[in-house]
Amino acid sequence: MNVYEDLEAALGYVFKHKSLLKQALTHSSVTGNTDENYERLEFLGDRVLGLAVAEMLYKEFKKEPEGSLSQRHTALVCKETVAEVSRNLGIDKKLRIATEDIRENDNVLCDVGEAIIGAIFLESGADEAFAYVRHHWEKQLHKAVIPPKDCKTALQEMAHTKGLEMPVYEVIKREGSEHEPIFHIAVRLGADREEVGTGKNKKLAEQDAAHKMLEKIRSLPDHGK
């Protein structure tokens, strides 16, 4: 009996080695053995996803400069986008986890989404892995006609527009294992405005903090008005 049949149908890819898919779906809370959980596959899949998305953007947006392509790339490989793709595919329902609170964690859903890409790459090579990314990221690719700005850049520009001090970032806590760390980073605009973001690396945590601060100050009047 293939317990992953419905998931494979959603993925559009049937694994020859079900143990590889099982590993990609297994969180470290179930086993700390890196040959049995998704951590190493996630490391590989992250790199494959980045290259596959870069190729898509290069071919799709032929007249855009490097800066715009980089902004698009950041949006397409960020935690929120990968987690959204994972949910849309029903990956969250098949996770092998020790506690249910992990199932809705964006960091975990992002990691597992990347691990599945890594598993496809290992089993069938780059062409199949790239085809998988093209298929499931195509809708994301065309969501925004205008290249999105990364949140840190957008926050810096908005702070200037509204006459606020420039953002300052500070790591306030790191938790989790060496293989699966979670960073908590604060962003401050002066002495009275602070938001804290989280992510599996410092860059993602800073982006999360900047996003939260953007939402907080968006309604403030522009400087001089």
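Atoms considered below: every heavy atom in the structure, side chains included; atoms not considered: hydrogens, waters and symmetry mates.
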Any donor-acceptor pair under 3.5 Å linking the side chain of [X] with the backbone of [Y]?
{"X": "Lys93", "Y": "Arg87", "answer": "no"}
{"X": "Lys152", "Y": "Gln207", "answer": "no"}
{"X": "Trp137", "Y": "Val53", "answer": "no"}
{"X": "Ser86", "Y": "Leu109", "answer": "yes"}
{"X": "Thr81", "Y": "Ala75", "answer": "yes"}
{"X": "Lys62", "Y": "Lys59", "answer": "yes"}
{"X": "Asp92", "Y": "Arg103", "answer": "no"}

From [X] atom [atom1] to [Y] atom [atom2], the distance as rounded to the nearest 0.5 Å:
{"X": "Asn37", "Y": "Glu42", "atom1": "CG", "atom2": "CD", "value": "10.5 Å"}
{"X": "Met158", "Y": "Thr153", "atom1": "CE", "atom2": "OG1", "value": "12.5 Å"}
{"X": "Leu49", "Y": "Leu44", "atom1": "CG", "atom2": "CG", "value": "11.0 Å"}
{"X": "Ile217", "Y": "Glu195", "atom1": "CD1", "atom2": "CD", "value": "10.0 Å"}
{"X": "Ile97", "Y": "Glu100", "atom1": "CD1", "atom2": "CD", "value": "4.5 Å"}
{"X": "Thr198", "Y": "Asn105", "atom1": "OG1", "atom2": "CG", "value": "8.0 Å"}

Search all heavy atoms of [X] against all heavy atoms of [Y] and return the closest pair with its distance.
{"X": "Val48", "Y": "Ala129", "result": "CG1-CB, 3.9 Å"}
{"X": "Val3", "Y": "Asp6", "result": "O-OD1, 3.8 Å"}
{"X": "Ala205", "Y": "Gly199", "result": "CB-N, 3.7 Å"}
{"X": "Glu36", "Y": "Thr31", "result": "OE1-OG1, 3.5 Å"}
{"X": "Arg218", "Y": "Lys162", "result": "O-NZ, 3.4 Å"}
{"X": "Glu39", "Y": "Ser28", "result": "OE2-CB, 3.4 Å"}

- Task: List the steps and the verdict of side-chain contact (heavy atoms from CB on, under 4.5 Å) for Thr26 and Val112.
- Result: CA-CA 8 Å; Thr26 301; Val112 176; over 6 Å; no
Regarding [X] and [Y], does a basic nitrogen lie under 4.0 Å from an acidic carboxylate oxygen?
{"X": "Lys79", "Y": "Glu84", "value": "no"}
{"X": "Arg72", "Y": "Glu64", "value": "yes"}
{"X": "Lys212", "Y": "Glu215", "value": "no"}
{"X": "Glu8", "Y": "Lys18", "value": "yes"}
{"X": "Glu55", "Y": "Arg134", "value": "yes"}

When hydrophobic residues are tied together by side-chain contacts of less than 4.5 Å, even through go-betweens, does [X] share a cluster with [Y]?
{"X": "Tyr38", "Y": "Ile182", "result": "no"}
{"X": "Leu51", "Y": "Tyr58", "result": "no"}
{"X": "Phe43", "Y": "Leu21", "result": "no"}
{"X": "Val108", "Y": "Phe183", "result": "no"}
{"X": "Val14", "Y": "Ile117", "result": "no"}

Taking side chain as C-beta onward, heavy atoms only, is [X] less than 4.5 Å from [Y]?
{"X": "Tyr4", "Y": "Leu25", "answer": "yes"}
{"X": "Ile120", "Y": "Leu20", "answer": "no"}
{"X": "Glu170", "Y": "Ile185", "answer": "no"}
{"X": "Tyr132", "Y": "Ile116", "answer": "yes"}
{"X": "Val187", "Y": "Glu194", "answer": "no"}
{"X": "Ile91", "Y": "Leu7", "answer": "yes"}
{"X": "Leu189", "Y": "Leu155", "answer": "yes"}
{"X": "Arg174", "Y": "His184", "answer": "no"}

- Query: Using a side-chain heavy atom cutoff under 4.5 Å and only I, L, V, M, F, W and Y, what cluster partners does Val196 have?
  - Reply: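 So far as hydrophobic clustering goes, Val196 is joined with Ile172.
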- Message: side-chain hydrogen bond (donor to acceptor under 3.5 Å, both in side chains), that's the test. Do His211 and Glu80 meet it? Break it down for me.
- Response: CA-CA 12 Å; His211 173 73; Glu80 290 79 11; over 6 Å; no
- Apply the test side-chain contact (heavy atoms from CB on, under 4.5 Å) to residues Leu220 and Arg193: give CA-CA distance (whole Å), side-chain angles for both, the deciding distance (0.1 Å), then the verdict. CA-CA 13 Å; Leu220 295 176; Arg193 292 186 177 89; 3.7 Å; yes
- Within 6.0 Å of CZ in Arg188, more than 12 heavy atoms from elsewhere: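 It does: Arg188 CZ has more than 12 such atoms within range.
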- Query: For atom CD of Glu175, is the number of surrounding heavy atoms from other residues, nucleotides or ligands below 6.0 Å larger than 12?
  - Reply: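 Yes, enclosed.
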- If we ignore angles and hydrogens, is there a donor and acceptor under 3.5 Å between the side chains of His27 and Ser29? yes
- Message: Assess, by modelled atom type and distance only, whether the side chains of Glu157 and Thr161 contain a donor and an acceptor separated by less than 3.5 Å.
- Response: no
- Message: Holding to salt bridge (Lys or Arg N to Asp or Glu O under 4.0 Å), I want the full list of residues that pass it with Lys22, two or more places apart in sequence or in another chain.
- Response: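 Salt bridge (Lys or Arg N to Asp or Glu O under 4.0 Å) check on Lys22 returns nothing, list empty.
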- Assess whether side-chain hydrogen bond (donor to acceptor under 3.5 Å, both in side chains) is satisfied between Asp101 and Thr99, documenting all intermediate values. CA-CA 6 Å; Asp101 60 303; Thr99 57; 2.6 Å; yes
- Task: Apply side-chain hydrogen bond (donor to acceptor under 3.5 Å, both in side chains) to Ser19 and Gln23, showing your working.
- Result: CA-CA 6 Å; Ser19 59; Gln23 180 183 347; over 6 Å; no
- Item | Test log, rule side-chain contact (heavy atoms from CB on, under 4.5 Å), inputs Asp111 and Asp46 | CA-CA 8 Å; Asp111 289 350; Asp46 176 55; over 6 Å; no
- Query: For Lys16, which residues count as a side-chain contact (heavy atoms from CB on, under 4.5 Å) partner, sequence neighbours excluded?
  - Reply: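 side-chain contact (heavy atoms from CB on, under 4.5 Å) check on Lys16 returns Tyr13, Glu123, Ser124.
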- Message: I want to check a possible cation-pi pair here: Lys202 against Tyr169, using under 6.0 Å from ring centre and within 45° of the ring axis as the test.
- Response: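 Ring-cation test returns no.
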